[in-house]
Student: 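Right, I'll just put the structure down here and ask away after.
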Amino acid sequence: MAALRRDSGSLPRMQYEAEIAQMIQGLLASAPFDTEMAAADLESWLERPKDPKMGDLAFPCFRLSKVLRKAPPQIATQLGEGITETMLSAAGLEKVVVAGPYLNFYVARAELAGATIPAILDGPFLARRDARGEKVMVEYSQPNTHKAFHVGHLRNASLGDSIARLLDWVGNEVVPVNYIGDEGTHVAKCLWHLRTQFQGEIPTTHRGEFLGEQYSTATELLSLDTLTRAPRPGVLVAEVVSCAPHAEEPKWHVAEVRLGGETVTVVAGVGGFAAGNRVAYAAPGQRIAGKEVGVVKRKGVLSTGMLLSEAELGISDDNETIAVLPADAAVGEEVAEVYRKDGALPADVKVLDEFRRRNAEVSAVLQAIESGSGEIWEQWKETKDWSMDEFKRIYRWIDSRFDHDFFESELGEESKALVREHLGTGVFKESEGAIGADLSEYGLGFCVLIKTDGTALYATRDLALARRKFDEFGVDRSLYVVDDAQTLHFQQVFKCLELMGYEQASKCQHLGYAQVVLPDGKMSSRKGNVILFSQLEERLLSKVREEFLDKYIGDWPQEEIDEAAHRIALATMRYGMLNQVNSSKIIFDLDEWSARSGNTGPYMMYAYARTRSILRQVGEVDSGSVDWALLDHELESDLIGFLADYPRNLERAAEQLLPQIVCTYAYELSKKFSRWYKECSVMHAETEALKATRLQLVDATGRVIQHALSLLGVATIERM
RNA sequence: GCGCCCGUAGCUCAGCUGGAUAGAGCGUUCGCCUCCGGAGCGAAAGGUCACAGGUUCGAAUCCUGUCGGGCGUACCA
């Protein structure tokens with residue numbers, strides 16, 4: 001970002017920073033210090049005092065004390081004594097005050113206002129910076145077709161879009177792209193349900209959401225949980241032949257259990273069972289609670305497989321004892337069958353048979369989709385458009401833009417070929433029937449790329465996609481705006497690229513963020529507590545109309561009211577989604593976001609509308625009488641100083657990929673503005689010159705608020 | 001088990017590459033419309049910065065450990 005700072009050298013505040021740094025550098029070079037320091041370092045130590053009364057820029061002397069071996073306040077005093085009137089005025093400074101270990105510089109108000117306000121109104125202050133940056137691709141949104149678009153997706157869309165706008169403003173060439181999940185199991189599940197289970201009529205509107213419902217019902221029907229309380233396929237009922245505490249570790253229990261014919265020895269970590277009991281047994285090779293069951297030697301006893309607790313079976317929270325099953329459970333039977341749910345299936349149909357039958361049907365649908373022709377494939381094409389149409393409508397509503405759409409379905413074959421290409425080079429290898437990269441030496445585990453059945457995965461496609469981004473689009477940097485939960489996925493993908501010899505891997509960056517949760521917990525389609533986009537839109541609009549706009553019915557043109565409703569609703573949503581650091585989760589609370597007061601989108605829009613209202617009402621004044629020296633009120637100084645600081649905030653936000661910084665700035669600016677105009681009337685200013693000068697400040701403030709909001713993806717309105 | 005993220009006022013959150021007395025909003029209490037829009041402004045009350053060590057002139061911020069909450073951890077995306 002150093003280039004940016006050089007670039008914006010003509011902007012007000014930067015000038016002072018450089019001047020002060022040089023001044024201090026000069027003082028340090030001569031007696032009594034005689035020390036050479038880099039001006040750039042000194043400049044970077046400058047900070048903005050907490051209290052505007054303490055000046056515009058502060059130089060802390062703490063770090064110098066180490067070099068000079070003097071106490072910070074002493075250094076500050078000596079530096080302060082060295083600063084002369086001429087030095088100050090040459091730098092455009094009014095005064096300097098020694099405050100303990102700090103040197104507080106006061107910028108001459110009239111000059112700062114004169115350098116800042118006209119630059120905002122007619123100059124380069126708000127203009128996009130020169131395009132000296134990189135070509136950066138920002139991938140975001142990534143919705144799945146055949147699934148619902150809900151409020152969780154809106155954090156991603158708001159963040160990605162705002163990041164793209166910020167990076168563009170600081171001078172990068174930004175290519176915003178979408179990556180559509182149009183292929184895969186979720187699509188097959190949806191179509192499976194539509195074809196074999198759905199009875200009703202297909203609606204003519206909101207067909208994207210309709211598909212989402214099909215998918216979510218399908219998920220339920222295809223989940224073992226809905227058929228049994230113990231959804232652990234492959235875990236069988238075993239009879240305990242003998243059981244005794246381990247000789248050295250009495251907490252452990254060594255048991256002989258019988259499954260049909262054979263008998264095995266198992267060491268269990270806990271007890272609570274006895275000979276004659278029926279227990280749940282998982283054979284080696286299975287995965288229970290994320291761990292693979294194996295054959296291990298525990299203090300001299302060879303243990304084959306494991307016995308499960310009720311917690312591991314999923315039937316209770318108890319993990320202190322081994323689950324004891326009903327005495328009539330048949331040995332060798334699946335536990336899923338033992339705990340089958342009443343009424344879920346006809347009595348003569350086995351839980352696992354039905355489960356496997358349904359999933360086999362889904363697999364058949366999946367293969368048909370990927371075959372590239374046929375009736376199911378045609379239906380896939382058609383339904384995919386239903387979702388795409390809905391996405392387009394949503395993006396129009398939230399005002400997000402993409403230069404290109406990637407589709408998962410166009411990357412499958414390409415990605416598999418890419419893996420095969422590198423199979424011989426030793427980067428990838430076969431393991432347990434699958435092909436992938438062993439990244440355990442990097443602490444990233446094993447990354448499967450080709451499944452046992454020969455099909456590709458999400459990570460596989462991301463390899464091909466990353467290459468395309470650089471090779472076909474010629475970008476310098478590639479940003480992935482994706483949920484935090486996928487951090488490991490991207491670490492694996494980027495590491496694979498690196499191992500494949502792809503240098504651009506280092507130019508790939510995952511921008512993670514935490515999830516959106518509801519006040520009463522996590523959103524999940526299974527709990528049925530997701531808020532769909534259409535529901536949000538409806539709730540937002542009706543709330544905004546009721547709170548802000550209904551009183552204008554009959555007074556304003558209807559089109560203006562409708563447009564205002566849309567913009568305020570969008571501001572409410574966008575601001576709520578962005579006014580938080582990326583790493584912490586957002587509690588979705590519509591009531592709080594749309595509150596008529598406080599740190600919300602509508603508040604900022606209101607502040608902007610007020611600037612416009614003042615401009616309209618004061619009307620034309622003689623701008624020739626503008627005199628910046630007249631802006632001498634304390635609140636005016638504060639406001640001007642804050643305006644001058646705007647670009648610096650944007651640079652920080654772009655550097656940290658954090659739009660929240662822009663939110664905070666916009667809020668503080670609006671707050672300062674409200675406080676000021678309450679105190680200093682424009683219309684009733686004592687003189688025409690003061691009125692004209694204040695009017696310029698109002699205009700400039702409005703422009704900056706509007707600009708900040710535009711980077712958040714929010715459009716202002718002229719009155720509200 | 002291992003890894004990542006989070007833990008700041010009753011609630012929701014800021015706190016810039018360590019720096020001056022830890023800040024907002026909501027809620028609570030109290031003021032302010034003969035004055036450019038009260039959708040606003042001002043004030044008050046409210047904090048052992050999860051806990052314990054350490055580094056430093058200085059720690060909410062950096063390091064180590066502990067405790068809470070969330071997520072991830074080979075054939076889902």
Side-chain angles (χ1 to χ4, degrees), chain A residues 44-45 47-51 54 58 60 62-63 65-66 71-72 99-102 104 142 144 147 181 184-186 287 290-292 408 431-438 443-453 455-459 461-462 482-489 491-492 512-515 517 519 522 547-548 551 579-581 583-587 589 591-593 595-600 602-603 605-607 609-610 613-618 648-649 652 655-656 658 660-661 663-664 667-668 671 674-675 677-685 691 694-695 698 719-720:
Chain A
S44 73
W45 296 350
E47 55 190 59
R48 199 180 153 73
K50 286 190 173 179
D51 188 338
M54 301 192 289
F62 302 102
R63 299 182 208 224
S65 75
K66 204 165 260 170
Y102 288 90
N104 289 335
Q142 306 107 338
N144 286 324
K147 268 190 178 180
T185 323
H186 69 280
R287 289 194 163 266
K291 283 180 294 189
E292 187 174 333
E408 284 188 17
S431 170
E432 296 176 25
I435 296 171
D438 185 1
L444 299 175
F446 190 90
C447 176
V448 172
L449 295 167
I450 308 285
K451 292 195 277 185
T452 322
D453 66 3
T455 57
L457 278 100
Y458 184 53
R461 282 187 271 264
D462 254 328
V482 182
D483 182 358
D484 254 346
Q486 293 182 36
T487 302
L488 178 61
H489 163 78
Q491 287 175 331
Q492 290 178 329
Y513 60 89
Q515 292 164 324
V517 299
K522 194 181 161 181
E547 298 254 333
F548 301 98
K551 58 186 172 185
N579 188 24
Q580 193 136 172
V581 293
S583 56
S584 58
K585 64 184 179 197
I586 288 180
I587 297 177
D589 187 344
D591 291 333
E592 190 159 323
W593 291 4
R596 40 203 317 135
S597 58
N599 191 352
T600 64
Y603 173 81
M605 292 184 77
Y606 175 72
R610 289 301 306 274
S613 163
I614 292 172
L615 289 169
R616 273 195 306 271
Q617 292 182 47
V618 174
R648 187 186 237 224
N649 282 271
R652 256 182 64 214
E655 201 176 318
Q656 297 180 29
L658 184 51
Q660 189 264 337
I661 290 173
C663 291
T664 304
Y667 175 66
E668 277 183 37
K671 191 92 188 155
S674 301
R675 200 172 296 163
Y677 80 68
K678 190 81 182 172
E679 194 74 21
C680 303
S681 176
V682 178
M683 187 176 278
H684 304 284
K691 186 193 279 192
R694 282 184 176 165
L695 203 57
V698 171
R719 54 176 179 170
M720 67 185 281

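Scope of the values below: all heavy atoms of this structure, side chains included, with no hydrogens, waters or symmetry mates. Lettering follows sequence order; numbering is per chain, from 1.
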Student: Ignoring backbone atoms, test whether Ser583(A) places a side-chain nitrogen or oxygen under 4.0 Å from the OP1 or OP2 oxygen of C6(B).
Tutor: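 Yes, because at least one side-chain N or O of Ser583(A) sits under 4.0 Å from OP1 or OP2 of C6(B).
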Student: Expressed as a whole number of Å, how far does the P atom of A45(B) sit from that of G25(B)?
Tutor: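 One P to the other, the span is 15 Å.
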Student: Please tell me which of the listed nucleotides, G15(B), A77(B), G72(B), lies nearest to the side chain of Val581(A)?
Tutor: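 My answer, after comparing the listed nucleotides, is G15(B).
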Student: Figure out the OH/P separation between Tyr458(A) and G72(B), and round it to whole Å.
Tutor: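 In whole Å, G72(B) P and Tyr458(A) OH are 14 Å from each other.
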Student: The side chain of Gln656(A) lies closest to which of these nucleotides: C16(B), A39(B), A74(B)?
Tutor: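 For the Gln656(A) side chain, the nearest candidate turns out to be C16(B).
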Student: Please give the nucleotide sitting opposite A24(B) as a Watson-Crick or G-U wobble pair, both distances under 3.5 Å, or none.
Tutor: U12(B)
Student: Respond yes when some side-chain nitrogen or oxygen of Lys50(A) is under 4.0 Å from OP1 or OP2 of A20(B), and no when none is.
Tutor: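 Yes, within the criterion.
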Student: With a 4.5 Å cut-off on side-chain heavy atoms, are Asp462(A) and His489(A) touching?
Tutor: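 They are in contact (side-chain heavy atoms under 4.5 Å apart), so the answer is yes.
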Student: Hey, does the side-chain of Thr664(A) have a donor or acceptor N/O within less than 3.5 Å of a partner on the base of A24(B)?
Tutor: no
Student: Look at the side chain of Tyr606(A) and decide which nucleotide, out of G37(B), A20(B), G72(B), has an atom nearest to it.
Tutor: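 Closest nucleotide among those given: G37(B).
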Student: With a 4.5 Å cut-off on side-chain heavy atoms, are Phe446(A) and Glu432(A) touching?
Tutor: no
Student: Counting side-chain heavy atoms from CB outward, which of G15(B), C76(B), G72(B) is closest to Thr185(A)?
Tutor: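 For the Thr185(A) side chain, the nearest candidate turns out to be C76(B).
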Student: Between A60(B) and G69(B), how far apart are the P atoms? Round to whole Å, please.
Tutor: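 To the nearest whole Å, 26 Å.
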Student: Roughly how far apart, to the nearest Å, are G53(B) and A59(B) at atom C1'?
Tutor: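 These two C1' atoms come out 13 Å apart once rounded.
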Student: Quick check: closest heavy atoms across Gly181(A) and His186(A), and the distance to 0.1 Å?
Tutor: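 Between these two residues, the closest heavy atoms are O-NE2, 3.1 Å.
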Student: Is the distance from OP1 or OP2 of A77(B) to the nearest side-chain N or O of Arg461(A) less than 4.0 Å?
Tutor: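 Yes, Arg461(A) has a side-chain N/O under 4.0 Å of OP1/OP2 on A77(B).
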Student: Any side-chain N or O of Lys671(A) less than 4.0 Å from the OP1 or OP2 oxygen of C41(B)?
Tutor: yes
Student: Atom CD of Glu655(A) and atom P of C16(B): how far apart are they, to the nearest Å?
Tutor: 14 Å
Student: Take atom CG of Asn579(A) and atom P of G23(B), then tell me their distance rounded to the nearest Å.
Tutor: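 Between P of G23(B) and CG of Asn579(A): 19 Å.
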Student: Counting side-chain heavy atoms from C-beta on, which of C5(B), A20(B), A14(B) comes nearest to Asp484(A)?
Tutor: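 Of C5(B), A20(B), A14(B), C5(B) is nearest to the side chain of Asp484(A).
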Student: Between Glu679(A) (CD) and C36(B) (P), how many Å, whole number?
Tutor: 15 Å
Student: Can you tell if the side chain of Asp483(A) reaches within under 4.5 Å of the side chain of Tyr513(A), non-hydrogen atoms only?
Tutor: yes
Student: May I ask you to decide if the ring planes of Tyr667(A) and Tyr603(A) are parallel, tilted or perpendicular, using 30° and 60° as cut-offs?
Tutor: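 Tyr667(A) and Tyr603(A): tilted rings.
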Student: Tell me which nucleotide, if any, is Watson-Crick or G-U wobble paired with G58(B) when both distances must be under 3.5 Å.
Tutor: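 With both distances under 3.5 Å required, G58(B) matches none.
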Student: Verify the distance criterion only: is there a donor paired with an acceptor across the side chains of Gln617(A) and Ser613(A) at less than 3.5 Å?
Tutor: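 Ser613(A) and Gln617(A) do have a side-chain donor-acceptor pair below 3.5 Å.
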Student: Checking understanding here: a glycosidic angle within 90° of 0 is syn, the rest anti, so what is C4(B)?
Tutor: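 Because its glycosidic torsion lies more than 90° from 0, C4(B) adopts the anti conformation.
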Student: Side-chain N or O of Tyr677(A) versus OP1/OP2 of C35(B): is the shortest distance under 4.0 Å?
Tutor: no
Student: What is the distance, to the nearest angstrom, from the CG atom on Leu449(A) to the C1' atom on A74(B)?
Tutor: 10 Å
Student: Within the modelled atom types, does a donor on one side and an acceptor on the other bring the side chain of Asn104(A) and the base of A20(B) under 3.5 Å apart?
Tutor: yes
Student: Please report the distance separating the C1' of G72(B) from the corresponding atom of G58(B), rounded so that it comes out in whole Å.
Tutor: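 Per the computed distance, 38 Å lies between those C1' atoms.
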Student: Using a heavy-atom cut-off of under 4.0 Å over every strand shown, decide if Thr487(A) touches base, sugar-phosphate, or nothing.
Tutor: nothing
Student: What's the gap between G23(B) and G68(B) when it is taken at their C1' atoms, as a whole Å value?
Tutor: 26 Å
Student: Which is true for Ala514(A) with a 4.0 Å heavy-atom rule: it touches a base, it touches only sugar-phosphate, or it touches nothing?
Tutor: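 Nothing, no nucleic acid heavy atom in range.
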Student: At under 4.0 Å, does any side-chain N or O of Ser674(A) touch on OP1 or OP2 of G37(B)?
Tutor: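 Result: no.
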Student: Using purine N1 to pyrimidine N3 plus N6-O4 or O6-N4 for Watson-Crick, or N1-O2 and O6-N3 for G-U wobble, both under 3.5 Å, which nucleotide pairs with A50(B)?
Tutor: U66(B)
Student: Of the nucleotides C41(B), A20(B), C13(B), which one has an atom closest to the side chain of Ile587(A)?
Tutor: C13(B)
Student: The side chain of Ala99(A) is closest to which nucleotide in this list: A20(B), C36(B), G40(B)?
Tutor: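 Taking heavy atoms from C-beta onward, the closest nucleotide is A20(B).
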Student: My understanding is that a pair needs two contacts under 3.5 Å, Watson-Crick or G-U wobble. By that rule, which nucleotide pairs with G1(B)?
Tutor: U73(B)
Student: Could you tell me which nucleotide pairs with C30(B) by Watson-Crick or G-U wobble geometry, both distances under 3.5 Å, or answer none if nothing does?
Tutor: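 Across any shown strand, C30(B) pairs with G42(B).
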Student: Give the rounded distance in Å between these two atoms: CD of Glu668(A) and C1' of G15(B).
Tutor: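 Distance, rounded to whole Å: 11 Å.
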Student: Figure out the CZ/C1' separation between Arg719(A) and A39(B), and round it to whole Å.
Tutor: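 From Arg719(A) CZ to A39(B) C1': 15 Å.
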Student: Quick one: Arg610(A) CZ to G40(B) P, roughly how many Å, whole number?
Tutor: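 My rounded result for the distance is 10 Å.
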Student: Could you work out the separation of C71(B) and A77(B) based on their C1' atoms and round it to a whole Å?
Tutor: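 That atom pair is separated by 15 Å.
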Student: Looking at Asp484(A) and Ala514(A), what are the two nearest heavy atoms and their distance?
Tutor: OD2-N, 3.9 Å
Student: OP1, OP2 of G37(B) versus side-chain N and O of Gln617(A): anything below 4.0 Å?
Tutor: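 Checking G37(B) against Gln617(A), a side-chain N or O does come within under 4.0 Å of OP1 or OP2.
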Student: Kindly indicate whether the side chain of Leu457(A), heavy atoms from C-beta on, has any atom under 4.5 Å from the side chain of Leu449(A).
Tutor: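 No. Closest side-chain heavy atoms not under 4.5 Å.
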Student: With rounding to whole Å, what would you report as the distance between A22(B) and G47(B) at their C1' atoms?
Tutor: 9 Å
Student: Nearest of G40(B), A77(B), G15(B) to any side-chain atom of His489(A)?
Tutor: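 Selected nucleotide (nearest to the side chain): A77(B).
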Student: Where each residue is assigned the nucleotide of RNA chain B containing its nearest heavy atom, which of Gly184(A) and Asp51(A) is assigned the position nearer the 5′ end?
Tutor: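 Nearest nucleotide further toward 5': that of Asp51(A).
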Student: If you find the nucleotide of RNA chain B closest to Ala456(A) and the one closest to Arg652(A), which residue's nucleotide is nearer the 5' end?
Tutor: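 Upstream on the strand: Arg652(A).
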Student: What do the steps show when you test Thr664(A) against Gln660(A) for side-chain hydrogen bond (donor to acceptor under 3.5 Å, both in side chains), and what is the final call?
Tutor: CA-CA 6 Å; Thr664(A) 304; Gln660(A) 189 264 337; 2.9 Å; yes
Student: Taking the same atom, C1', in U56(B) and in C63(B), what whole-Å distance lies between them?
Tutor: 12 Å
